[in-house]
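If you read the sequence from its start, that first residue is 1, and numbering goes on from there.
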Amino acid sequence: MLIFSVFKTLTDQRVTVELKNDLSITGVLKSVDQHPHMMAVKNCFIRGSVVRYVQLPAEHVDTQLLEDATRREVAAQGKR
């Protein structure tokens, strides 16, 4: 669950979630459910199926680690 891991490291960070209805919600990410369809931004619960984009603070995302994990995940899927 690569995406879960990324969001889990961003708890207590400010994020902006853009919904499919063009509404943007900015707040502090307080918790992330293990199921990818739910996130909690303070007191607002957002279902993943209505999310268009999530803007993450670049300084808090380890892109090298994310790229390496993605490559490992793709390689593991190729072996199946």
Side-chain angles (χ1 to χ4, degrees):
M1 293 257 251
L2 184 59
I3 298 299
F4 172 72
S5 300
V6 170
F7 281 108
K8 194 70 174 166
T9 63
L10 294 171
T11 53
D12 295 322
Q13 301 298 325
R14 182 169 284 287
V15 297
T16 300
V17 178
E18 182 181 326
L19 305 179
K20 290 179 181 177
N21 66 358
D22 295 326
L23 179 69
S24 291
I25 300 170
T26 301
V28 176
L29 186 67
K30 289 295 181 184
S31 67
V32 179
D33 194 325
Q34 193 169 10
H35 304 286
H37 66 277
M38 296 294 283
M39 293 185 308
V41 180
K42 201 160 182 168
N43 293 330
C44 177
F45 292 92
I46 303 170
R47 188 168 193 81
S49 62
V50 299
V51 173
R52 181 180 295 150
Y53 299 110
V54 179
Q55 298 174 16
L56 307 173
E59 62 273 7
H60 296 289
V61 178
D62 186 348
T63 55
Q64 187 62 46
L65 183 65
L66 185 57
E67 288 171 2
D68 291 344
T70 303
R71 285 187 190 103
R72 284 192 303 274
E73 190 173 290
V74 168
Q77 288 177 355
K79 292 180 182 179
R80 291 183 196 176

- Message: Is there a side-chain contact between T9 and H60 in this structure, where contact means two heavy atoms from C-beta onward sitting under 4.5 Å apart?
- Response: no
- So, for K20 and V51, which heavy atoms are closest and what is the spacing to 0.1 Å? CE-O, 3.7 Å
- Query: With hydrophobic residues grouped by side-chain heavy-atom distances under 4.5 Å, do V74 and L65 end up in a single group?
  - Reply: no
- Given the rule that I, L, V, M, F, W and Y join up when any side-chain heavy atoms are under 4.5 Å apart, are V15 and V61 in one cluster? yes
- Task: Kindly compute the distance separating CG (D68) from OG1 (T63), expressed to the nearest 0.5 Å.
- Result: 9.5 Å
- Note on the structure: Correct closest heavy-atom pair for T26 and R14 would be CG2-NH1, 3.2 Å
- Using the rule that two of Ile, Leu, Val, Met, Phe, Trp, Tyr join whenever any of their side-chain heavy atoms come within less than 4.5 Å, decide whether V50 and I25 are in one cluster. yes
- Between E18 and Q55, which heavy-atom pair has the shortest distance, and what is it? OE1-NE2, 4.5 Å
- Would Y53 and V28 show up in the same hydrophobic cluster when neighbours are defined by side-chain heavy atoms closer than 4.5 Å? no
